[in-house]
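In what follows, every heavy atom counts, from backbone to side chain, and hydrogens, waters and symmetry copies are set aside. Indexing begins at 1, ligand by ligand and atom by atom, following the structure's order.
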Amino acid sequence: MAKARKNGLYSGISAELSALMKTGWADTERHELPLDEQAPYAARRRAALSALFPGERLVIPSGNLKARSNDDTYPFRPYSGYVHMTGDQARDGALVLEPRPEGGHDAYCYVLPRDGRDTDEFWLGYHAELWMGRRRSLAESERVLGLSCRDVRAVADDLRADSAVPTRIVRGVDAALEAAVTSDEERDEELEEALSGLRLVKDAWEIGEMRKAVDSTVRGFTDCVGELSRAVASSERWVEGTFFRRARLEGNSVGYGSICAAGDHATIMHWTDNDGPVRPGDLLLLDAGVESRTLYTADVTRTLPVSGTFTAVQRTVYDAVYEAQEAGMAAVKPGAAYRDFHVAAQRYLAEKLVEWGFIEGPADRAYELGLQRRFTMAGTGHMLGLDVHDCAEARNEEYVDGVLEPGMVLTVEPGLYFQPDDLTVPEEWRGIGVRIEDDLLVTADGHENLSAGLPRSSDEVEAWMARVAG
Ligand code: GLY
Ligand code: MN
Ligand code: MN
């Protein structure tokens with residue numbers, strides 16, 4: 001806050017200019033702002049967190065802007081635990097749950113309120129509204145969030161003033177706030193674990209947001225197929241830009257760096273340079289997700305034959321991945337072990353790889369030894385939500401060693417990747433990468449494929465491309 005905005009070519013501010021700037025502004029306080037529809041859900045999430053940590057103060061920061069150079073910054077994305085517990089997206093904020101003597105907690109959302117017009121801060125400060133855009137007043141934030149709000153410039157002093165209260169803070173989000181708190185690293189990690197675990201089962205409002213993110217993603221994929229010839233004429237970047245346009249138009253952004261991988265780039269799990277050619281005859285692996293305005297993300301992959309039809313080898317690989325995904329999805333139902341879908345898909349792929357002679361059988365032995373991993377590389381899926389790899393800090397007992405429950409949302413995304421320099425497979429297989437990824441909601445009696453709007457089997461994909469590809 002002490003940091004001042006640099007004046008560039010200007011040198012100094014006259015008293016007359018300072019006085020002029022402070023006068024003649026309308027009162028823009030918004031008295032009619034409605035309560036955010038997420039507020040009652042966030043209140044229930046806070047109650048669940050409160051019950052896990054009786055008598056303790058909990059500090060959950062939102063994070064700060066990161067400078068790119070000078071006063072240019074990277075796009076801000078708040079810490080997901082803060083978003084989940086408040087419904088807020090402010091930067092430099094923090095949720096503080098203060099334990100009440102009689103049990104439970106009082107919640108305070110510390111945020112940076114809008115600048116008054118009585119100091120130079122609103123036009124010269126580091127966070128100057130005239131440069132950064134209007135923020136909410138504390139009263140406005142209270143109306144929207146349904147939470148008591150306080151000025152974040154007081155948070156460090158408030159926390160220090162009563163430092164006898166046992167305190168936990170989520171580390172790695174706001175260094176300055178962390179420095180103001182005395183806490184124990186292991187106990188802090190338990191807070192992060194709890195926040196992550198509380199996101200495993202999505203509430204009804206969150207499921208609605210996931211549907212929006214996936215529906216926008218389906219439209220984004222359709223855009224990319226519709227503009228495939230533009231990608232062939234330029235590069236993978238056309239695909240990235242096409243999807244990004246949809247993501248910014250309908251959502252906040254992409255939920256992770258889009259993977260637009262044509263040709264043998266498809267064998268690179270995290271290919272995000274997206275600067276290669278898109279050639280007819282090759283496959284294009286597109287792994288992308290729109291992040292909703294409320295910061296929930298989809299995570300979908302389709303692998304497309306650029307020319308519109310698969311070659312025989314491409315189809316063989318594609319159909320094996322499709323069958324593995326079918327086997328994985330069949331295992332997604334309440335009460336099933338979380339790992340079941342992964343085991344089902346990996347077993348199927350191990351069998352195919354033995355059948356093709358690429359790994360030594362029998363298939364059970366190959367699976368037990370994990371030999372298929374040379375070609376399947378990654379796990380078969382993960383939880384999805386505010387983060388693409390949502391709930392990643394949750395305890396193993398709750399997540400990877402846990403059981404599926406209605407309201408969980410996860411990806412099922414088997415793949416096969418034959419590296420271009422892999423001498424253990426025939427030459428025509430080298431450089432082929434296929435992944436099919438869908439987003440599944442666990443329901444009371446099975447699952448719903450939220451991304452079913454996109455064609456998936458090889459025949460459906462070809463028919464889709466014949467219809468839509470431009
Ligand atoms: N796009 C990242 C993943 O599929 O996990
Ligand atoms: Mn994924
Ligand atoms: Mn993905």
Query raised in the report: Where the Mn ion (ligand 2) is the centre, what is the OE2-to-NE2 angle for Glu413 and His382, rounded to 10°?
Result: 80°
Report task. Specify whether Tyr338 and Phe341 have parallel, tilted or perpendicular ring planes, treating 30° as the upper limit for parallel and 60° as the lower limit for perpendicular. Result -> perpendicular
Report summary line: Between Asp299 atom OD2 and Glu437 atom OE2, the angle centred on the Mn ion (ligand 2) rounds (to 10°) to 80°
Note every protein N or O atom lying under 3.5 Å from an N or O atom of ligand 1, pairing the names and giving the distance.
residue	atom	partner	partner atom	Å
ligand 1	1 (N)	Asp287	OD1	3.2
ligand 1	1 (N)	Asp287	OD2	3.1
ligand 1	1 (N)	Asp299	OD1	3.2
ligand 1	4 (O)	Asp287	OD2	3.3
ligand 1	4 (O)	Asp299	OD1	3.4
ligand 1	4 (O)	Asp299	OD2	3.1
ligand 1	4 (O)	Glu413	OE1	3.0
ligand 1	4 (O)	Glu413	OE2	3.4
ligand 1	4 (O)	Glu437	OE1	3.3
ligand 1	4 (O)	Glu437	OE2	3.2
ligand 1	5 (O)	His382	NE2	3.0
ligand 1	5 (O)	His389	NE2	2.7

Query raised in the report: So, Asp287 and the Mn ion (ligand 3): N/O/S under 2.8 Å, yes or no?
Result: yes
Query raised in the report: Would you call Gln325 and Arg435 a side-chain contact if the rule is heavy atoms closer than 4.5 Å?
Result: no
**Report entry** Arg246 NZ/CZ over Phe243 ring centroid, <6.0 Å and within 45° of normal
**Finding:** no
Query raised in the report: When the ring planes of Phe358 and Phe375 are compared, do they come out parallel, tilted or perpendicular, using 30° and 60° as the limits?
Result: tilted
**Report entry** Min side-chain heavy-atom separation Val468-Thr222 under 4.5 Å
**Finding:** yes
Query raised in the report: Do Leu58 and Leu49 come within less than 4.5 Å of each other through their side chains, counting heavy atoms only?
Result: yes
Query raised in the report: Within the side chain of Glu448, is there an N or O that forms a donor-acceptor pair under 3.5 Å with the backbone of Leu440?
Result: no
